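Okay, structure first, notes after.
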Amino acid sequence: MYYSSMEERLKKLKRLRELKINPYPYRFDRSHTFSRIKNDFEELSRSQTIIKTAGRIITIRRHGKTIFATLNDENEKMQIYLRKADLGEGFEVFENFDIGDFIGVEGKVFKTRTGEITVHVEKFTLLTKSLRPLPEKWHGLRDIEIRYRKRYLDLIANQEVREIFRKRSKIIKLLRNFFDGKGFLEVETPVLQPIYGGAAARPFKTFYNALNQEMYLRIADELYLKRLIVGGYEKVWEFCRDFRNEGLDRFHNPEFTMIEAYQAYTDYYGIMELVEELLEFLVKNLYPSNSLTFGDKSVELKRPFKRIKYTEALKEILGVDILKINQSELDRFCQRFGIKTEGQTIGYKIDKLFSELVQKNLIEPTFVIDYPKVISPLAKEHREDPALVERFELIIFGLEIANAFSELNDPIDQRKRFEQQLAQKEEGIAEIDEDFIEALEYGMPPTGGLGIGVDRLCMILLNQPSIRDVILFPQLRREDAR
RNA sequence: GGGUCAUUAGCUCAGGUGGUAGAGCAUCGGAUUUUUAAUCCGGUGGCCGCAGGUUCGAGUCCUGCAUGACCCA
């Protein structure tokens with residue numbers, strides 16, 4: 001099928017080889033990229049400098065004894081101009097070139113009468129022969145499935161997609177600069193873990209033959225980073241690729257990137273300031289103003305961010321303290337708002353109510369603080385209310401962007417919380433990580449900890465509607481038929 | 001897991017009530033020495049996602065399946 005569309009190109013490949021032209025040579029040293037040619041045009045034109053440059057052919061306009069073509073390099077387009085009068089017999093070789101081929105060219109630059117900067121080619125070299133036709137030049141590649149499955153075509157056809165991932169890379173760099181500037185040590189902890197924990201999620205399981213034991217891909221780094229605080233580091237952080245064996249939708253990819261950061265001697269208030277500073281730093285370095293747009297909504301990032309208390313926000317809507325009502329009252333509220341209660345834990349029901357009734361509507365950057373203890377097994381009990389913990393989430397555009405605690409460092413309380421989780425058959429824990437408890441028993445100083453979903457952060461910073469638009473190769477079901 | 005929608009040429013898309021499958025771009029041949037979505041003339045290209053069913057006849061109607069998008073759980 002596709003073979004027939006490739007036939008012509010294979011014929012040209014054969015003809016090129018017959019002309020002793022290597023369609024896949026090894027190297028081409030450019031003197032200028034296209035953007036440098038454009039920047040330095042006046043000087044290059046005046047000095048009649050012969051430049052060497054290269055790119056992928058994206059359009060060809062043949063006019064008998066002349067040819068115009070447009071090349072693409074990573075950042076720019078460049079028109080080239082070839083004349084039979086300049087190239088003699090070599091001119092015919094270009095007949096075997098197609099849209100998609102990479103070529104290198106040498107020549108002087110000039111402006112056409114419409115003012116377009118153009119390379120007047122004196123010599124050209126095939127750098128790679130392309131055997132398949134590219135997506136159409138005008139409409140680009142729209143088919144969202146092909147865009148995700150064959151991202152390379154998306155990147156070739158859609159410049160704005162290239163730009164998104166450049167910006168993602170910039171965000172990653174800014175995050176690194178930020179934590180580096182704050183004196184945090186960037187560390188690497190195991191992806192492959194014998195006991196998983198640190199979040200409420202199902203893990204991917206695998207098997208390690210040499211040790212003859214089951215292993216898990218991490219769902220979070222929390223328990224390892226805290227071990228490092230026990231070990232004496234005072235500020236550690238990590239870019240963590242985490243894996244959660246759950247559904248995938250607009251906000252979830254099974255494999256995703258988090259930042260976790262832990263700082264000794266501080267609490268969740270300290271982390272709140274850190275997060276405010278971080279957001280301000282990111283937006284300042286990405287945009288001229290401090291406003292953010294996501295879909296049809298815009299917000300101002302102004303410190304200090306609004307703070308609301310978890311239980312008080314719910315109380316405003318339900319009229320009661322969610323932690324002071326009994327099971328059947330809780331179930332009644334759930335039913336009233338269409339939340340399934342069957343077989344669900346108390347924590348699930350409370351949190352579901354919260355995200356439906358409160359979180360969804362928090363558009364402006366808002367710290368939701370003081371979570372129920374029952375849904376926060378790794379956070380330290382609130383200093384004023386034993387039913388709560390010192391925890392906050394940062395919500396922007398209704399999305400959870402950051403999650404942070406005053407970290408629980410009482411090993412006896414921690415064991416009790418793990419045991420309760422196990423008894424409730426909650427997700428995220430299959431057995432108690434005894435080594436982690438033991439580490440706490442040696443003593444972890446008071447610590448503030450932070451997690452940030454980097455993909456979601458990129459979504460709101462880059463105004464992309466789906467997590468798949470900020471992940472180069474998002475997970476899709478395997479489809480062999482194509 | 002449930003609902004809605006989508007799947008037609010390499011790409012982007014048309015194909016009222018069932019009657020021989022279409023356009024633009026790309027591609028191929030021809031013309032063209034400053035074009036730029038080049039232009040002009042002439043061609044090639046289809047398991048209409050897959051499998052059944054209804055019908056004299058299905059891209060179109062029905063069922064199932066696959067993949068994807070969105071919404072819900």
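None of these values were measured; they are calculated from a predicted model. Throughout, a chain's letter reflects where its sequence line sits, starting with A, and its residues are numbered from 1.
Of the side-chain N and O atoms in A/Arg83, none sit less than 4.0 angstrom from OP1 or OP2 of B/U33. Contact annotation: A/Lys137 side-chain N/O to B/A26 OP1/OP2 distance is under 4.0 Å. Between A/Lys65 and B/U34, a side-chain N or O to OP1/OP2 separation shorter than 4.0 Å is absent. Within the structure, every side-chain polar atom (N or O) of A/Arg62 is placed at least 4.0 Å from both OP1 and OP2 of B/G30. For the pair A/Lys12 and B/C28, the criterion of a side-chain N or O lying under 4.0 Å from OP1 or OP2 is met. Using a 4.0 Å cut-off, some side-chain N or O of A/Arg250 falls inside it from OP1 or OP2 of B/C71. Checking the phosphate oxygens (OP1, OP2) of B/U12, no side-chain nitrogen or oxygen of A/Arg147 falls inside 4.0 Å.
Aromatic ring pairs are classed by plane angle as parallel below 30°, tilted from 30° to 60° and perpendicular above 60°; the pair A/Tyr310 and A/Phe354 is parallel.
With B/A69, B/A37, B/U27 as the choices, the nucleotide that has an atom nearest any side-chain atom of A/Ile99 turns out to be B/U27. The side chain of A/Arg113 approaches B/U34 more closely than any other nucleotide in the set B/U34, B/G68, B/A38. In this structure, of B/C11, B/U34, B/U67, it is B/U34 that holds the atom nearest to the side chain of A/Tyr81. For A/Glu8, taking side-chain heavy atoms from C-beta onward, the closest of the listed nucleotides B/C13, B/C28, B/U34 is B/C28. For A/His139, taking side-chain heavy atoms from C-beta onward, the closest of the listed nucleotides B/A73, B/U12, B/U35 is B/U12.
If you take atom C1' in B/A73 and the same atom in B/G16, they sit 38 Å apart, rounded to whole Å. For B/G46 and B/U7, the C1' atoms lie 15 Å apart once the distance is rounded to whole Å. Rounded to whole Å, the separation between the C1' atoms of B/G45 and B/U27 comes to 8 Å. For B/A58 and B/C48, the P atoms lie 12 Å apart once the distance is rounded to whole Å. Between B/U60 and B/A21, the distance separating the two C1' atoms is 12 Å to the nearest Å. Annotation: B/U20 and B/C56 have their C1' atoms spaced 15 Å apart (nearest Å). Atom C1' of B/C11 sits at a distance of 36 Å from the matching atom of B/U55, rounded to the whole Å. Spacing between B/U8 and B/C71 at atom P, rounded to whole Å, works out to 23 Å.
In this model, a side-chain donor or acceptor of A/Arg61 finds a partner on the base of B/U35 within 3.5 Å. A donor N or O paired with an acceptor N or O is found under 3.5 Å between the base of B/U35 and the side-chain atoms of A/Gln79. Residue-to-nucleotide contacts include a donor-acceptor pair under 3.5 Å from the side chain of A/Thr112 to the base of B/U35.
Summarising the base pairing, B/G1 is matched to B/C72 through a Watson-Crick or G-U wobble pair whose two defining distances lie under 3.5 Å. Using N1 to N3 plus N6-O4 or O6-N4 for Watson-Crick, or N1-O2 and O6-N3 for G-U wobble, each under 3.5 Å, B/G42 pairs with B/C28. Using N1 to N3 plus N6-O4 or O6-N4 for Watson-Crick, or N1-O2 and O6-N3 for G-U wobble, each under 3.5 Å, B/C47 pairs with nothing. Both distances falling under 3.5 Å, in either a Watson-Crick or a G-U wobble arrangement, place B/G19 opposite B/C56. B/A37 makes up no base pair with any nucleotide shown, lacking Watson-Crick or G-U wobble contacts both under 3.5 Å. In this structure, B/A66 forms a base pair with B/U7, meeting either the Watson-Crick or the G-U wobble geometry with both donor-acceptor distances under 3.5 Å.
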- Task: Go through the steps for A/Arg15 and A/Glu18 under the test salt bridge (charged side-chain N to carboxylate O under 4.0 Å, His left out), then give the verdict.
- Result: CA-CA 5 Å; A/Arg15 281 202 292 270; A/Glu18 281 162 9; over 6 Å; no
- With side chain to side chain donor-acceptor pair (under 3.5 Å) as the test, would you mind laying out the steps for A/Asp433 and A/Tyr196 before giving the verdict? CA-CA 8 Å; A/Asp433 188 337; A/Tyr196 65 94; over 6 Å; no
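For the pair A/Phe294 and A/Gln464, the tightest heavy-atom approach, listed with the atom from each and the gap, is CE1-O, 3.3 Å. Across A/Asp455 and A/Phe256, no two heavy atoms sit closer than the pair OD2-CB, 3.2 Å.
Ranked by how close their nearest RNA chain B nucleotide is to the 5' end, A/Ser466 and A/Phe337 are led by A/Ser466. Both A/Gly64 and A/Glu95 sit near RNA chain B, but only A/Glu95 has its closest nucleotide nearer the 5' end.
A/Arg468 and A/Asn253 form no side-chain donor-acceptor contact under 3.5 Å, judged by distance and modelled atom types alone.
Using a 4.0 Å cut-off between charged nitrogen and carboxylate oxygen, A/Arg166 and A/Glu163 count as a salt-bridge pair.
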